[in-house]
*Asks:* 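My questions will all concern the structure given below.
For ligands, and for the atoms within them, numbers begin at 1 and follow the listed sequence. If you read the sequence from its start, that first residue is 1, and numbering goes on from there.
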Amino acid sequence: MNYQVFDTYETLSQHAAQFVLEYVRQHPTATICVASGQTPMLTFQTIVAQAQPGDFDQVTFIGLDEWVGIEPSNPGSCRAYIDVPLITPLGISPERVSFFDGLAEDLEAECQRVNELIASKGGLDIIMVGIGMNGHLGLNEPGTSFDTYAHVSQLEEVTASVGQKYFQDETPLTQGITVGLRHFLEAKIAIVLANGNGKQNIIKRVLEEPVHEGLPASALKIHSNGHLWVDSAANPA
Ligand code: PGA
């Protein structure tokens, strides 16, 4: 695992954005799985500001996860957190974007659809995610098998309560639908980003604990091309 500390959230985001831009210029048909949440916001804005016409014409985006039961139009939905700052301003056409439908009647079929889409693309080129306070990646909560593809997860209390920060009104969050840790491990490049001192403890755990399923982000340590990029506020050292 490549661990890198950047002085500020801005330099961290600039590095992540530049990495993605260089990758898509060399691999124009890349498939990229991106996370919602606050962490990648500035990365998204920087990508949009620095993209050249044509950079993303053939790229496919896959939304990492969604809260079950939340409408896509809800500004707190995972979809909105990716659509508004990244997909819409880049002008990505709808057939090259996939989001989980958190309102799907058949959630298992929804998982299958995303599994098949990722498989049809030959797997993910880049998966770029934040990290939860409990070490989750996407909505892969502690205890999730590293061998799991897309699935429905039961949210831990901490995820449901921290998740309130995305919503204007109190919103019950009990389940998620998410790309799996096996997708993460099979991606050509896996990037985990963290900023702010609220993430110091969980970054310390990732650095110090052995690889185990109780700490989903520890999967990064067995990824053959895994990167943990943090700002100095999130760096426990
Ligand atoms: P955040 O969420 O980027 O809003 O901190 C990360 C996560 O919970 O996975």
*Asks:* What atoms in ligand 1 come closer than 4.0 Å to a heavy atom of Gly132?
*Replies:*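 Matching atoms, with element in brackets: 7 (C), 8 (O), 9 (O).
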
*Asks:* Check this for me, if you would: do Glu110 and Arg113 make a salt bridge, where the nitrogen-to-carboxylate-oxygen distance has to be below 4.0 angstrom?
*Replies:*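 Yes, this pair counts.
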
*Asks:* Give the single entry among Gln38, Lys199, Met41, Met133 that approaches atom 5 (O) of ligand 1 most closely by any heavy atom.
*Replies:*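 Comparing heavy atoms across Gln38, Lys199, Met41, Met133, the nearest one to atom 5 (O) of ligand 1 lies in Lys199.
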
*Asks:* Need the ligand 1 atom indices (1-based, order shown) with element for anything under 4.0 Å from a heavy-atom of Tyr166.
*Replies:*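 Reading through ligand 1 atom by atom, the close ones are 1 (P), 2 (O), 4 (O).
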
*Asks:* Could you tell me whether Phe61 and Phe56 have their ring centroids closer than 6.0 angstrom?
*Replies:*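 Phe61 vs Phe56: aromatic centres under 6.0 Å.
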
*Asks:* Could you check if a side-chain atom of Val192 sits within less than 4.5 angstrom of a side-chain atom of His227, using non-hydrogen atoms only?
*Replies:*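 Counting from C-beta outward, Val192 and His227 never come under 4.5 Å.
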
*Asks:* For atom 3 (O) of ligand 1, what is the nearest protein heavy atom, given as residue, atom name and distance?
*Replies:*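 Looking at atom 3 (O) of ligand 1, the protein heavy atom closest to it is Thr39 OG1, 2.5 Å.
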
*Asks:* May I ask you to list the atoms of ligand 1 that are less than 4.0 angstrom from any heavy atom of Gly37?
*Replies:*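 Reading through ligand 1 atom by atom, the close ones are 3 (O), 4 (O).
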
*Asks:* Verify the cluster assignment for Val97 and Ile47: are they in a single hydrophobic cluster under the rule of side-chain heavy atoms below 4.5 Å apart?
*Replies:*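 Val97 and Ile47: one cluster.
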
*Asks:* Which residue and non-hydrogen atom of the protein lie closest to atom 9 (O) of ligand 1, and at what distance in Å?
*Replies:*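 Checking every protein heavy atom, the shortest distance to atom 9 (O) of ligand 1 gives His136 NE2, 3.0 Å.
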
*Asks:* With a 3.5 Å cut-off and no angle check, do the side chains of Thr159 and Glu141 form a donor-acceptor pair?
*Replies:*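 Yes, because at least one side-chain N or O of Thr159 sits under 3.5 Å from a partner of the opposite role on Glu141.
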
*Asks:* Can you pull out the closest protein heavy atom to atom 6 (C) of ligand 1? Residue, atom name and distance to 0.1 Å, please.
*Replies:*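 It is Ile131 O, 3.5 Å.
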
*Asks:* Quick one: does ligand 1 sit under 4.0 Å from the side chain of Val162, the backbone, both or neither, non-hydrogen atoms only?
*Replies:*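 It is neither; nothing of Val162 touches ligand 1.
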
*Asks:* Using a 4.5 Å cut-off on heavy atoms from C-beta on, say whether the side chain of Asn74 contacts that of Glu71.
*Replies:*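 The answer is yes; the side chains approach within 4.5 Å.
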
*Asks:* Quick check on contacts: which atoms of ligand 1 are under 4.0 angstrom from a heavy atom of Lys165?
*Replies:*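 Answer, ordered by atom number: 1 (P), 4 (O), 5 (O).
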
*Asks:* Using 0.5 Å steps for rounding, measure from the CD atom of Gln50 to the CG atom of Asp55.
*Replies:*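 One finds 10.5 Å between CD of Gln50 and CG of Asp55.
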
